[in-house]
Amino acid sequence: GPGTEVIVPGHTFFASASAIIVAKAIPVIAEIDDSHTIDPVDVEKKITKYTKGIIVVHMKGLSCDMDAIMEIAKNANEQDLVICIISGGGSAMMPMPIPGVSLNDKIEITRSLLRSTATIEEINTVRKHLSLIKGGKLAAACAPAKVLGIYISDVPFDKIENIASGPTVPDETTTKDASDILKKYGINAPLEEENHLVILDKSKIENYIVGSNIKTLHHLKEFAEKKGIRTAIFPDFLKGEASKTSRIVLDKFISEGMTLSIFGGETVVKIKGNGYGGRNQEMALSVIEELPEDIIFMTLATDGVDGMT
């Protein structure tokens with residue numbers, strides 16, 4: 001609200017500052033360092049009693065100094081409340097690799113998993129154990145402060161530990177779990193064979209999901225029905241190979257006889273040869289030859305990258 005300050009980098013997207021203004025708060029511009037991202041030294045200079053947030057933006061593939069940013073988080077004390085606003089996509093956009101693993105290593109491991117048919121749960125399990133911030137480690141860094149995690153979900157069944165790999169959520173997976181997943185898909189990675197858990201004081205952590213795939217579908221259904229369109233939500237979170245799920249959705253739609261059927265989820269594509277993938281396109285194209293002339297099948301992706309589009 002009025003008087004509240006949020007620190008943003010001088011080199012960032014327009015929305016980083018405009019969203020703050022819409023919320024009637026004041027964007028405070030911090031300098032950038034040699035990485036062309038926010039300068040942690042200047043961030044500390046800009047913190048006042050009115051500071052309520054710091055927006056960290058990794059610009060155009062350039063990662064900011066997350067070690068220094070985490071040190072700022074560690075300054076929180078028992079009287080502080082650290083609010084973390086997290087959405088799907090955070091797994092890719094908030095990197096902080098463990099010692100011995102470079103950012104390029106992590107990118108290649110993630111790329112290999114994405115080219116396989118690994119589920120998002122499997123991918124994020126690996127990500128947690130290659131990171132110093134995911135799997136509850138952000139909350140651990142903020143201790144002894146109270147932590148409030150506000151999440152927008154993009155994962156099956158809204159499992160909060162999988163959203164952005166759960167930086168404020170206690171992690172029940174182990175390094176061995178991550179290693180087993182990598183072995184399953186024939187991927188080499190520098191992970192030690194050990195079992196460990198990040199111990200968190202759960203009484204000081206609260207996490208809530210305020211938006212999700214299913215919530216969006218229900219809003220869409222309500223909007224369509226207000227216009228007199230008989231609408232059904234496909235009952236399952238779509239997952240599995242994109243080329244197969246499209247047929248399942250079409251069959252369900254035809255059998256129910258609805259005017260409109262809406263669905264959501266996260267499918268996968270098994271990459272062959274030098275292919276680029278593109279689950280959104282593949283789902284649409286795989287059903288096109290079987291599509292009756294009076295039915296329109298539309299797929300929309302929100303993850304920003306779909307093959308070469």
Check your understanding: With a 4.5 Å heavy-atom cut-off, do Ile295 and Ile254 have their side chains touching?
Key -> yes
Check your understanding: Glu256 and Ser261: side-chain donor and acceptor closer than 3.5 Å?
Key -> no
**Study point:** Listed partners of Phe253 passing ring-ring contact (aromatic ring centres under 6.0 Å, His included), at least two apart
**Key:** none
Check your understanding: Can you tell me if Ser246 and Ser286 form a side-chain donor-acceptor pair at under 3.5 Å?
Key -> yes
Practice item. Look at the side chain of Asp80 and the backbone N and O of Asn77, then say whether any donor-acceptor pair between them is shorter than 3.5 Å. Key: yes
Practice item. Report yes if some heavy atom in the side chain of Thr216 is under 4.5 Å from a heavy atom in the side chain of His219; otherwise report no. Key: no
Review point. Can any side-chain N or O of Ser131 pair as donor or acceptor with the backbone N or O of Lys128 at less than 3.5 Å?
Key: no
Check your understanding: How close do Ala118 and Val268 get, heavy atom to heavy atom, and via which atoms?
Key -> O-CG1, 3.8 Å
**Study point:** Backbone of Met94 reached by a side-chain donor or acceptor of Lys134 within 3.5 Å
**Key:** yes
Check your understanding: Going by heavy atoms in the side chains, are Ile83 and Lys52 under 4.5 Å from each other?
Key -> no
Check your understanding: Side-chain heavy atoms under 4.5 angstrom apart, residues restricted to Ile, Leu, Val, Met, Phe, Trp, Tyr: same cluster for Ile209 and Val155?
Key -> yes
Review point. Hey, mind stepping through Asn75 and Glu44 against side chain to side chain contact (heavy atoms under 4.5 Å, CB included) and telling me if it holds?
Key: CA-CA 11 Å; Asn75 290 332; Glu44 292 204 77; 3.7 Å; yes
Review point. Can you check whether Lys239 reaches Ile120 side chain to side chain, under 4.5 Å on heavy atoms?
Key: no
Study note, to complete from the structure: Tightest non-hydrogen contact, residues Pro95 and Lys106, listed as CA-NZ, 4.5 Å
Review point. So, are Arg279 and Glu282 salt-bridged, with charged N and O less than 4.0 Å apart?
Key: no
Check your understanding: Side-chain heavy atoms under 4.5 angstrom apart, residues restricted to Ile, Leu, Val, Met, Phe, Trp, Tyr: same cluster for Ile21 and Ile7?
Key -> no
Check your understanding: Does NZ belonging to Lys46 count more than 12 external heavy atoms closer than 6.0 Å?
Key -> yes
Exercise for review: Assess the side chains of Asp105 and Ser102: does a donor N or O sit below 3.5 Å from an acceptor N or O?
Suggested key: yes
Check your understanding: Between atom CG of Asp154 and atom CD1 of Ile163, what is the distance when rounded to the nearest 0.5 Å?
Key -> 7.0 Å
Exercise for review: Report the distance from atom CG of Leu113 to atom CD1 of Ile187, rounding to the nearest 0.5 Å.
Suggested key: 4.0 Å
Point to revise | Salt-bridge present (Lys184, Glu122; N to O < 4.0 Å) | key: yes
**Study point:** Smallest separation among heavy atoms of Ala164 and Ser87, with atom names
**Key:** CB-O, 3.5 Å
Check your understanding: Side chain of Lys204, backbone of Ala143: donor and acceptor closer than 3.5 Å?
Key -> no
Review point. CG of Asp65 to CE of Met70: how many Å apart, nearest 0.5 Å?
Key: 12.0 Å
Check your understanding: Can you tell if the side chain of Met59 reaches within under 4.5 Å of the side chain of Ile32, non-hydrogen atoms only?
Key -> no
Exercise for review: Only counting residues at least two apart or in another chain, list the ones meeting side-chain contact (heavy atoms from CB on, under 4.5 Å) with Ile20.
Suggested key: Val6, Val8, Ala25, Pro27, Ile55
Practice item. Taking the side chain as every heavy atom from C-beta outward, state whether Leu130 and Ile109 have any atom pair closer than 4.5 Å. Key: yes
Check your understanding: Just by distance, do the side chain of Ser91 and the backbone of Ser165 share a donor-acceptor pair under 3.5 Å?
Key -> yes
Check your understanding: What heavy-atom pair brings Lys215 and Gly211 nearest, and what distance separates the two atoms?
Key -> CD-CA, 3.8 Å
Practice item. Starting from the C-alpha separation in whole Å, work towards a yes-or-no answer on side chain to side chain contact (heavy atoms under 4.5 Å, CB included) for Met283 and Val249. Key: CA-CA 10 Å; Met283 189 170 181; Val249 169; 4.1 Å; yes
Exercise for review: Check whether Leu148 and Ile85 end up in the same hydrophobic cluster, where Ile, Leu, Val, Met, Phe, Trp and Tyr are linked by side-chain heavy atoms less than 4.5 Å apart.
Suggested key: yes
Revision key, fill the gap. Rounding to 0.5 Å, atoms NE2 (His58) and CD1 (Ile38) come to a distance of 10.5 Å
Exercise for review: Indicate yes or no: at least one non-hydrogen side-chain atom of Val210 is less than 4.5 angstrom from one of Ile152.
Suggested key: yes
Review point. Within a radius of less than 6.0 Å around NZ of Lys146, do more than 12 heavy atoms belonging to other residues, nucleotides or ligands occur?
Key: no
Exercise for review: Quick one: pull up CD1 in Ile233 and CZ in Phe263 and give me the separation to the nearest 0.5 Å.
Suggested key: 12.5 Å
Study note, to complete from the structure: The side-chain contact (heavy atoms from CB on, under 4.5 Å) partners of Asn207 (sequence neighbours excluded) come to Tyr151, Ile160, Thr168, Val169, Ile205
Exercise for review: Mind checking the CE-CG spacing from Met96 to Leu103? Nearest 0.5 Å is all I need.
Suggested key: 12.0 Å
Practice item. Indicate whether any N or O donor in one side chain lies under 3.5 Å from an N or O acceptor in the other, for Asp158 and Ser212. Key: yes
Exercise for review: Quick one: closest heavy-atom pair of Ile248 and Phe234, and the distance?
Suggested key: CG2-CZ, 3.7 Å
Point to revise | Sole candidate of Ile229, Ile262, Leu260 that passes side chain to side chain contact (heavy atoms under 4.5 Å, CB included) when paired with Lys221 | key: Ile262
Check your understanding: Arg127 side chain to Thr110 main-chain N or O, any donor-acceptor pair under 3.5 Å?
Key -> no
Review point. Are Ile29 and Val43 joined in one hydrophobic group, where the rule is that I, L, V, M, F, W and Y side chains link up if heavy atoms are under 4.5 Å apart?
Key: no
Point to revise | Residue pair Glu71 / Pro40, side-chain heavy-atom distance below 4.5 Å | key: no
**Study point:** Test item: Asp177 side-chain N/O and Thr174 main-chain N/O as donor-acceptor pair under 3.5 Å
**Key:** yes
Exercise for review: Check the hydrophobic clustering (I, L, V, M, F, W, Y; side-chain heavy atoms under 4.5 Å; chains of links allowed) and say if Leu238 and Phe297 are grouped together.
Suggested key: yes
